[in-house]
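Reviewing the structure listed below.
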There are 2 protein chains.
Amino acid sequence: MKREENKSGCPINYTVEILGDTWSLLIVRDMLALGKKTFGEFLESEERIGPSVLADRLAHLERKGILAKTPSETDRRKMIYSLTESGLNLIPLLYEVSSWGSITSPNPAAPDSWFEAMKHDKVLVQRLWREAVEAGSSFFLGPDSVVAKLGLDV
Amino acid sequence: MKREENKSGCPINYTVEILGDTWSLLIVRDMLALGKKTFGEFLESEERIGPSVLADRLAHLERKGILAKTPSETDRRKMIYSLTESGLNLIPLLYEVSSWGSITSPNPAAPDSWFEAMKHDKVLVQRLWREAVEAGSSFFLGPDSVVAKLGLDV
DNA sequence: AAAATAAATTTGATTATCAAAGTGAAATAT
DNA sequence: ATATTTCACTTTGATAATCAAATTTATTTT
């Protein structure tokens, strides 16, 4: 994938040039859905991304303004990755990516609470998702998670 | 991109493994937004896809059940590509891809009618978009286009 | 002081992508 | 009827991305 080009000004092409690869959206998913924040946590993803590709994708997403990197205050080896405003704005997109995969895949594997959440109004779920992340939680985890607010996974 | 793998059952990963590349969503865009149907029309896209990559992506999307290929009845050289039900179901995803690109890109280039449409209720626009394609039109073109139904581009 | 942990980087092989040229069948023009 | 054009690809050879595995450097824990 010859990245960094500017093949056209089409907004769809813009998004695809930033996120159209195998790993970028999975990293964003790990942040938005599971609250992952460190290199080591991303390395442990279900899909087994390698460290060289991970480092490359994180640098790419940082340069494109999707996420930011700050040193941990408690452990100076660690870097903390967090989403920018543009990264948070990916919630509706990620919701539709997950939704299409859920209805199209012959055997989608996700927590039951995801499939339960899909039965609710999508605008509501997407708003709760943003509020969860802004409060330091994520879709599935934390006291302000979508799962907690909707009373799923009880 | 080592395609055809099954790295996990995650619905997001499922979608990304099918559509996570530079060209697949642009082909779907050309079909849904502009009503393109033939190899030659896709070749003329703004982003200048080459014939070898186009042939590969079309075969990929056909094998994944996003589109179908039938010989033209009027010209036996031509193949007509059309979207399947799964392909039509990409409308909400493509809408969000375009929406994120529109608010994130520093200089998005699209017809004014797209930006006008974004001001309307997204569920309405997505429903009109599907109806347009089902009626043989597309987002921008044809008597049943979204643009026509919303009275944009007058 | 030694061992473990964290965030990457390096290496060398495999795979995808690219632009440019070429192919064969069917339609159109002469 | 013949020549030319159109159309949907395929082939080719170079460039670029991706991969798993091993290594490096700095920090933290034992």
Side-chain angles (χ1 to χ4, degrees), chain A residues 1-8 13 16-27 30-31 34-64 67-82, chain B residues 1-8 13 16-27 30-31 34-64 67-82:
Chain A
M1 188 166 308
K2 194 177 296 180
R3 205 152 294 282
E4 310 315 327
E5 289 193 76
N6 205 300
K7 294 193 290 295
S8 83
N13 182 58
V16 165
E17 286 190 353
I18 292 178
L19 298 169
D21 66 67
T22 312
W23 298 107
S24 292
L25 267 182
L26 297 181
I27 293 170
D30 282 353
M31 299 180 81
L34 302 173
K36 293 188 182 180
K37 285 172 164 17
T38 67
F39 198 92
E41 287 174 330
F42 296 127
L43 268 188
E44 287 162 7
S45 78
E46 205 181 351
E47 292 86 6
R48 312 307 315 177
I49 189 172
S52 58
V53 176
L54 176 57
D56 179 70
R57 284 315 65 198
L58 286 171
H60 167 74
L61 291 171
E62 190 189 2
R63 228 158 20 77
K64 291 298 180 179
L67 48 81
K69 179 183 178 180
T70 56
S72 164
E73 306 206 337
T74 60
D75 185 337
R76 277 180 306 191
R77 292 170 301 181
K78 284 190 183 175
M79 289 291 175
I80 304 297
Y81 293 91
S82 58
Chain B
M1 188 167 309
K2 194 177 299 178
R3 208 150 290 283
E4 309 316 326
E5 289 194 75
N6 206 301
K7 294 193 291 295
S8 83
N13 182 58
V16 165
E17 286 190 353
I18 293 178
L19 299 170
D21 65 67
T22 309
W23 298 107
S24 293
L25 267 182
L26 297 181
I27 294 169
D30 282 352
M31 300 180 81
L34 302 173
K36 291 187 182 180
K37 287 174 162 14
T38 67
F39 198 91
E41 287 174 329
F42 295 127
L43 267 190
E44 287 163 5
S45 79
E46 204 181 352
E47 292 85 7
R48 315 304 318 175
I49 189 172
S52 58
V53 176
L54 176 58
D56 178 70
R57 279 326 55 203
L58 287 172
H60 166 75
L61 291 171
E62 189 188 4
R63 228 156 22 77
K64 291 298 179 178
L67 47 82
K69 179 184 178 178
T70 55
S72 164
E73 306 207 336
T74 60
D75 184 336
R76 276 179 305 191
R77 293 169 302 179
K78 284 190 184 175
M79 288 293 174
I80 304 297
Y81 294 92
S82 58

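Here is the naming used below: chain letters follow the sequence lines, and residue numbers restart at 1 for every chain.
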| remark: Taken in chain and number order and not counting sequence neighbours, the residues that satisfy salt bridge (Lys or Arg N to Asp or Glu O under 4.0 Å) with A:Lys36 are A:Asp30
For residues 46-55 of chain A, tabulate all N or O donor-acceptor pairs below 3.5 Å that involve a side-chain atom, not counting sequence neighbours.
residue : atom : partner : partner atom : Å
A:Glu47 : OE1  : A:Arg29 : NH2          : 2.8
A:Glu47 : OE2  : A:Arg29 : NH1          : 2.9
A:Glu47 : OE2  : B:Ser8  : OG           : 2.6

| note | Atom CD1 of A:Ile49 and atom P of C:dT9 are separated, to the nearest Å, by 14 Å
| message | What is the separation between atom CD on A:Glu17 and atom P on C:dT17, rounded to the nearest whole Å? | response | 15 Å
| request: Not counting sequence neighbours, which residues clear salt bridge (Lys or Arg N to Asp or Glu O under 4.0 Å) with A:Asp75? List them please. | output: A:Arg77
| Side chain of B:Ala55: nearest nucleotide among D:dC9, C:dT9, C:dA20? | D:dC9
| task | Kindly determine whether A:Met79 and A:Phe39 satisfy side-chain contact (heavy atoms from CB on, under 4.5 Å), including the steps that lead there. | result | CA-CA 7 Å; A:Met79 289 291 175; A:Phe39 198 92; over 6 Å; no
| query | Separation of A:Leu54 atom CG from D:dC19 atom C1', in whole Å? | reply | 14 Å
| said: When you measure from the side-chain N and O atoms of B:Trp23 to the phosphate of C:dA16, is any distance below 4.0 Å, counting only OP1 and OP2? | reply: no
| query | Can you find a side chain N or O atom of A:Tyr81 that sits less than 4.0 Å from OP1 or OP2 on C:dA6? | reply | no
| note | The answer to which of A:Lys78 and A:Val53 contacts DNA chain C further toward the 5' end, by nearest nucleotide, is A:Lys78
| query | Can you name the nearest heavy-atom pair linking B:Thr38 to B:Lys78, along with the distance? | reply | CG2-CD, 4.3 Å
| task | Can you tell me the distance, in whole Å, between the CE atom of B:Met79 and the P atom of C:dA26? | result | 11 Å
| said: Looking at A:His60 and A:Ser24, would you say the former's side chain and the latter's main chain have a donor-acceptor pair under 3.5 Å? | reply: no
| note | When rounded to whole Å, the CG to P distance for the pair B:Asp56 and C:dA19 reads 14 Å
| said: Expressed as a whole number of angstroms, how long is the span from B:Arg48:CZ to C:dA20:P? | reply: 11 Å
| task | Starting from C1' on C:dC18, measure out to NZ on A:Lys7 and report it in whole angstrom. | result | 12 Å
| said: Determine whether a donor-acceptor pair (N or O, by modelled atom type, separation under 3.5 Å) exists between the side chain of A:Glu62 and the backbone of A:Leu58. | reply: no
| Does anything in residues 35-45 of chain B reach DNA chain C, meaning a heavy atom under 4.0 Å, and if so which residues? | none
| task | Please report the C-alpha distance between B:Leu25 and A:Asn13 in whole Å, then the side-chain angles of each, then the deciding distance to 0.1 Å, and finally whether the side-chain contact (heavy atoms from CB on, under 4.5 Å) criterion is met. | result | CA-CA 8 Å; B:Leu25 267 182; A:Asn13 182 58; over 6 Å; no
| Spacing of B:Ile27 atom CD1 relative to D:dA8 atom P, expressed in whole Å | 14 Å
| task | Starting at the 5' end of nucleotides 25-30 of chain D, put B wherever the base has a protein heavy atom under 4.0 Å, S where only the sugar-phosphate does, and a dash everywhere else. | result | -BBS--
| query | What residues, two or more places apart in sequence or in another chain, satisfy side chain to side chain contact (heavy atoms under 4.5 Å, CB included) together with A:Ala68? | reply | A:Ser82, A:Thr84
